[in-house]
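Report on one structure; see the data block that follows.
Everything numeric in this text was worked out from a predicted model, so none of it was measured.
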There are 2 protein chains.
Amino acid sequence: MDLDFIGGEVQEGKQELRLWLKLLATTKLISQELRRRLRSEFGATLPQFDLLAQLYREPDGLRLGELSKRTMVTNGNVTGLVERLETDGLIRRVTSGADRRVTVARLTDEGRAFFGRMADAHEGWIRDLMSDVDPSTIRTLLEDADTLKQSARTHLSGPEEG
Amino acid sequence: MDLDFIGGEVQEGKQELRLWLKLLATTKLISQELRRRLRSEFGATLPQFDLLAQLYREPDGLRLGELSKRTMVTNGNVTGLVERLETDGLIRRVTSGADRRVTVARLTDEGRAFFGRMADAHEGWIRDLMSDVDPSTIRTLLEDADTLKQSARTHLSGPEEG
DNA sequence: TATTGTTATACTCTATAACTATA
DNA sequence: TATAGTTATAGAGTATAACAATA
């Protein structure tokens, strides 16, 4: 509320805003490119890719609620996403024996193979898009982005657990 | 293409992917929070906020094509966005006298006042969400994110100019 | 009563392409 | 012919809330 200047140059409070706008523009640029390629080469969307990636790491599958948390997609919308992927034969839903309210989704063999191919291509695209950024900057960004994420998570308004 | 190890620890090629996933998760987390607050407190969406921000900086307004480039929204979709905002009385479209194909959008007085309030709140939310990140990290992130953006822009597949 | 997942709804965004009018 | 913007359309994502089955 008092003075916001450092060396008379920049308003400190504005730096956060500038950073956010930059981050938003950057991820939007990259996201659009990846979306375009995912669609044209694999007929997939980014949320679908994200959901499959979560299942790829979990051979035993995940409960839909857990999938919802990890992908940051609401329960209701996860149902829709999962349905489309199941229709495509990439994943399968199984009702748990222990607690019959619980549904577990897991990749089918076809889904696993398909995601493997897609993830390889995706990784190449990312590497290509970042090819002018040197490794030390990549590492720094990774760390700093993590710090940022933690900070944001701490200051969410909703009843998040973290 | 040869060896991908640094100190035997991490595959270098994977770091880019890790960074991307982290960035995506972070911006998604923050975006969702901002979207929630923009909607509940101002009845606005993020793309609308972005579009208004562009016009806020340009008192003389912007041609729709230019607005489309800056917001990274296609021409056709800019029309829809602009129409909603015009209906709300926040912006106005004027056909250029010189070249009658050209339409210029600019903020109304009401739109300017409204965006001013919204931007203030928005800036506060950002500052709050980033409050655990120290200023030097903010600056580093800003620079590195810019490097990343430039790299991505250079390696887009489409016929982009930059 | 609380939890898990589904259904329903309304709105917005996204992508593509065909179209109109100007130039 | 090329450009600026509009219209049309289809498909997904997003948010909210009500609901059914199960615990």
Side-chain angles (χ1 to χ4, degrees), chain A residues 24 27-29 31-51 61-69 71-88 91 93-105 157-159 161, chain B residues 24 27-29 31-51 61-69 71-88 91 93-105 157-159 161:
Chain A
L24 195 57
T27 55
K28 187 170 183 179
L29 186 69
S31 289
Q32 284 188 334
E33 180 71 11
L34 294 177
R35 259 208 307 266
R36 206 159 21 228
R37 297 192 194 182
L38 278 177
R39 168 155 342 169
S40 69
E41 300 193 22
F42 296 97
T45 66
L46 216 46
Q48 286 170 357
F49 180 85
D50 190 19
L51 193 152
L62 285 171
R63 296 156 55 133
L64 296 190
E66 182 60 24
L67 208 40
S68 165
K69 273 187 201 162
T71 55
M72 294 190 265
V73 170
T74 59
N75 269 358
N77 291 330
V78 152
T79 297
L81 266 171
V82 161
E83 244 155 28
R84 260 167 264 145
L85 294 168
E86 193 170 34
T87 300
D88 293 344
I91 71 181
R93 264 181 298 195
V94 178
T95 300
S96 164
D99 182 340
R100 305 224 331 266
R101 291 172 306 178
V102 170
T103 302
V104 170
S157 61
E161 316 105 37
Chain B
L24 196 57
T27 55
K28 187 169 184 181
L29 186 68
S31 290
Q32 284 187 334
E33 180 70 12
L34 294 177
R35 259 206 307 266
R36 205 158 23 226
R37 297 192 193 182
L38 279 176
R39 170 154 342 167
S40 68
E41 299 193 20
F42 296 96
T45 66
L46 216 45
Q48 287 169 357
F49 179 86
D50 189 19
L51 193 151
L62 285 171
R63 296 156 56 134
L64 296 190
E66 181 61 24
L67 208 41
S68 165
K69 272 186 202 163
T71 56
M72 294 190 265
V73 170
T74 58
N75 269 359
N77 292 331
V78 154
T79 297
L81 266 172
V82 161
E83 243 154 29
R84 260 166 263 145
L85 294 169
E86 194 170 33
T87 300
D88 292 344
I91 70 180
R93 263 181 298 194
V94 178
T95 301
S96 164
D99 182 339
R100 306 224 330 265
R101 293 171 305 179
V102 171
T103 302
V104 170
S157 60
E161 316 103 37

Using OP1 and OP2 only, check whether a side-chain N or O of R93(B) sits under 4.0 Å from dG5(D).
no
In whole Å, I'd like the distance from the CD atom of E66(A) to the P atom of dG5(C).
10 Å
Does any non-hydrogen side-chain atom of N75(B) lie less than 4.5 Å from one of L64(B)?
no
Looking only at dG5(C), dC13(C), dA4(D), the nucleotide nearest the T103(A) side chain is dG5(C)
Whole Å only: how far is the CZ atom of F49(A) from the C1' atom of dA12(D)?
18 Å
Whole angstrom value for the distance that separates C1' of dT3(D) from NZ of K69(B)
12 Å
Whole angstroms only, please: what is the CZ-P distance between R37(B) and dA15(D)?
14 Å
Please report the distance, rounded to the nearest Å, between CG in N75(B) and P in dA15(C).
13 Å
For T79(B), which contact category applies under a 4.0 Å heavy-atom criterion: base, sugar-phosphate, or nothing?
base
Using the side-chain heavy atoms of Q48(A), tell me which of these nucleotides is nearest: dC13(C), dA4(D), dG13(D).
dG13(D)
What's the closest nucleotide to the Q32(A) side chain, out of dG13(D), dA15(C), dT14(D)?
dA15(C)
Which nucleotide sits closest to the side chain of R35(A): dC13(C), dT4(C), dT14(C)?
dT14(C)
Give a yes or no on whether a salt bridge exists between R36(A) and E33(A), defined as a side-chain N under 4.0 angstrom from a carboxylate O.
yes
Does any non-hydrogen side-chain atom of P47(A) lie less than 4.5 Å from one of T71(A)?
no
Do Q48(A) and V82(A) come close enough that some side-chain heavy atom pair is under 4.5 Å?
no
Output the rounded distance in Å from CG (L64(A)) to C1' (dT7(C)).
14 Å
Without decimals, in angstroms, what is the distance between L51(B) CG and dT14(C) P?
12 Å
Between G80(B) and K28(B), the residue closer to the 5' end of DNA chain D by nearest nucleotide is G80(B)
Could you go over nucleotides 16-22 of chain D and give all protein N or O partners under 3.5 Å, atom names and distances?
unit_1  : atom_1 : unit_2  : atom_2 : d
dT22(D) : OP1    : R100(A) : NH2    : 3.0

Value in whole Å for how far the C1' atom of dG13(D) lies from CE of M72(A):
14 Å
Looking at every heavy atom in both L67(B) and A105(B), which two are closest together, and how far apart are they?
CD2-CB, 4.3 Å
